[in-house]
Number of protein chains: 2
Amino acid sequence: MELDERKKTILKLIIATYLETGEPVGSRTISKFNDLNLSSATIRNEMADLEELGYIVQPHTSAGRIPTDKGYRFYVDNLMEEKEDAEVEKSTLLERVDRMELLLKQVAKVLAYNTNYATLVTAPKYKKTVKFIQLSKVDDETLLAVIVVEGNLIKNQIIPIDTILDNEDVLKFNILLNTFLQGASLEDINLEMINAMKKQSGEYSIILDQIFQGIIEAVNEANELEIYTSGATNILKYPEIGDIIKTSELLEKFEDKEELTHLIEETTGNKDDNHDIQVYIGEENAVQNMEDCSIVTATYKMPEGATGTIGIVGPKRMDYKKVVSTLKNLTIELDDIFNKRKGVNEDG
Amino acid sequence: MELDERKKTILKLIIATYLETGEPVGSRTISKFNDLNLSSATIRNEMADLEELGYIVQPHTSAGRIPTDKGYRFYVDNLMEEKEDAEVEKSTLLERVDRMELLLKQVAKVLAYNTNYATLVTAPKYKKTVKFIQLSKVDDETLLAVIVVEGNLIKNQIIPIDTILDNEDVLKFNILLNTFLQGASLEDINLEMINAMKKQSGEYSIILDQIFQGIIEAVNEANELEIYTSGATNILKYPEIGDIIKTSELLEKFEDKEELTHLIEETTGNKDDNHDIQVYIGEENAVQNMEDCSIVTATYKMPEGATGTIGIVGPKRMDYKKVVSTLKNLTIELDDIFNKRKGVNEDG
DNA sequence: GTTAGCACTCGAAAGATTTGAGTGCTAATA
DNA sequence: TATTAGCACTCAAATCTTTCGAGTGCTAAC
């Protein structure tokens, strides 16, 4: 059996109504849409068909119908018209901020505010290159390494040292570090490279160990998938997750960066569709405890080709239209910011 | 009417039992403690007295008794023996970490792990002095200011500039900045000081504006009361807060740094008692929506006399003994760390 | 002062009843 | 052949009822 036009219309009405009300939708409700002009009995017959096809189910006999994951999927892919972009006010959303980190935090916040769902944003994952590296002497036992990578992501690393260095020594180290590291991508900085540097430097090799140790730590940290979240408490407002335990598990998951990294890596695997928006509905999520959630993510692009993800986690019954259009607008805005001004900072 | 010894004993047993079980405590339960040797009828009479005095109440007729805020207060002040310190393993709790920020985050985590409550930790609030300040040129339009203050708290600030500076200029600025700022307390850095610097420098005054702007921002940021939290989701596990809405409001409060600052400032006002442990029970909290919570805080001291707060937020029915002793141990450990090694970093 | 005994209270749990939205089926209709 | 009116049926949710038992307060006796 195929979905004819009328079935599609009815399915769309059912899902749209359910998204609005949250109540199972009965045949009478649908029959009342006057552009349809069908009796409830006819709707019932169609509904029975749609149920057989797996698009809707009854939570129990003698209740209305609610969409299945398959139903949602069909709705998202084929039935939903997206909201007109017009209504989302642009450019007021994001204030100018200088640092990638702050910008992304703000994106998460804005998104949470606009959608009322839990949101998460990842920093672009790409071959970040070292833009600037500097070793400074804070006091006799302490060095400070500052590493700025493309995108103005800054990492600090305190490096405790045994030997007292004078300023000239530090200067030498700085020259050495910059010679080797400036412009290098973070992935390039590994033991091999470091051994090369050691050879070249000859003396100081004991101290060098400590310095490299610190720098590698900083680089690793900078290389981790950074995730910013906002609006986690919105999870408590999903009415469908009646179970407090489940809710709390979800919340904990949302507090745990590692879990989130996993989640994001799962979801960004397959990108196929329009404008890099991906929707994962219920069981489509490979992550545990997320069966009652939908995840919608969008991908933004850096001029260098690197990409990052912004996304929301909400209940399956969510306003997909709005979420998709909000995400789309935000990514466009982000793309703009990154592409207009190569680098994030520029004053208005 | 005064509390005689027997009444005290009975009150203590009631509260201890209630803390354990969470159920209202009946007269029979108490009469079974065999070191008491009293019938339930006698206990009932005593209970009636204790109720009249306001230490306990019945949630409803024909239920057992539960402690009032006044009851808890008396328990905490007079009846509770603290747990022996012995059982808390020391020194394994905190790994060595170099930066204040990381250390405090870890304290929050450890505390949450040990108590299963929501925890919060503030950075010491004191006249932080600038240990080290450095301006670097990242690229033609961007300077980076790095400020390290006592306690190895690091602030970075990106400063966009219009004019292209060469390295020599930057060096000059650095000398200027360090001459004025090194050793200065953050509070000292204000417009006045900056004007003095401007005068001294003469030329470059346009650029100086931008630089100072950035530095003041960084200083202000460093000067805010920094709060680290952990285990916020534990709030969901307080069984007594049946109301999901209240819980969610609490959680939101816990996500909101400003609210927390407010909370902390409220609670650290009056310090009176033993070892700087403060307990705020129920209505004693000046903060809204916290009537069903107790807050226990402890104060740790830096060698310079600065103090910070570590604390937990939990339900009124909490294991005060355990919380107090855990807090006590952690503060002692923190005090140790700060006082043994002046500054945080030192390798084992 | 303490206690045994007893009537009483009231929340929680379990069961019974009512209500109404919604269904599926059938037979009539266009 | 597709649509519809009509009707019996179902079942969750809300409401009321009953039962149960833990716990109380009071009184009279020790």
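Here is how names work: the chains are called A, B, and so on, in the same order as the sequence lines, proteins then strands, and each is numbered from 1.
On the nucleic acid side, DNA chain D has its first and last nucleotide under 4.0 Å of a heavy atom of chain A at dT3(D) to dA12(D), going 5' to 3'.
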Only pairs under 3.5 Å count here: list side-chain donor-acceptor contacts from residues 228-235 of chain B, not counting sequence neighbours, and write none if there are none.
| unit_1 | atom_1 | unit_2 | atom_2 | d |
| --- | --- | --- | --- | --- |
| Tyr228(B) | OH | Glu226(B) | OE1 | 3.1 |
| Asn234(B) | OD1 | Lys237(B) | NZ | 3.1 |
| Asn234(B) | ND2 | Tyr117(B) | O | 3.1 |
| Asn234(B) | ND2 | Gly231(B) | O | 3.2 |

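For Ser248(A), the side chain to side chain contact (heavy atoms under 4.5 Å, CB included) partners two or more places apart in sequence, or in a different chain, are Glu252(A), Leu236(B). Listed by chain and residue number, nothing satisfies the salt bridge (charged side-chain N to carboxylate O under 4.0 Å, His left out) test with Lys257(A) (two or more places apart in sequence, or in another chain). Taking Lys70(B) as the reference, nothing meets the salt bridge (charged side-chain N to carboxylate O under 4.0 Å, His left out) condition, with sequence neighbours excluded. Qualifying side chain to side chain contact (heavy atoms under 4.5 Å, CB included) partners for Asn45(A), counting only residues two or more places apart in sequence or in other chains: none.
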Between the protein and nucleotides 27-30 of chain C, list every N/O to N/O distance that falls short of 3.5 Å.
none

Nucleotides 15-17 of chain C: which of its N/O atoms have a protein N/O under 3.5 Å away?
none

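Ile310(A) has its side chain within reach of Thr331(A): a pair of non-hydrogen atoms, C-beta onward, lies under 4.5 Å apart. For the pair Arg65(A)/Val25(A), no side-chain contact is recorded, criterion being any heavy-atom separation below 4.5 Å from C-beta on.
Contacts between residues 58-70 of chain B and DNA chain C, counted as heavy-atom distances below 4.0 Å, involve His60(B), Thr61(B), Ser62(B).
Of the candidates Glu283(A), Arg317(A), Lys246(A), Lys246(A) is the only one forming a side-chain contact (heavy atoms from CB on, under 4.5 Å) with Asp292(A).
Applying the ring-ring contact (aromatic ring centres under 6.0 Å, His included) test to every pair with at least one member in residues 57-76 of chain A, sequence neighbours left out, gives these pairs: Tyr55(A)-Phe74(A), Tyr72(A)-Tyr320(A). For residues 13-29 of chain A, there are no salt bridge (charged side-chain N to carboxylate O under 4.0 Å, His left out) pairs, not counting sequence neighbours. Under the salt bridge (charged side-chain N to carboxylate O under 4.0 Å, His left out) criterion, the residue pairs touching residues 36-47 of chain A are Arg6(A)-Glu46(A), Lys7(A)-Glu46(A), with sequence neighbours excluded.
Distance Arg28(B) CZ to dA4(C) P: 11 Å, rounded to the nearest Å. Atom CD1 in Ile43(B) sits about 12 Å away from atom P in dA4(C), given to the nearest Å. Regarding Arg44(A), its CZ atom lies at a distance of 14 Å from the P atom of dA21(C), rounded to whole Å.
Using a 4.0 Å heavy-atom distance criterion, Ser40(B) is classed as making no nucleic acid contact.
The nearest heavy atom of DNA chain C to Asn45(B) and to Glu51(A) marks one nucleotide each, and the one closer to the 5' end goes with Asn45(B).
Contact check, Thr42(B) against dT3(C): a side-chain N or O comes under 4.0 Å of OP1 or OP2.
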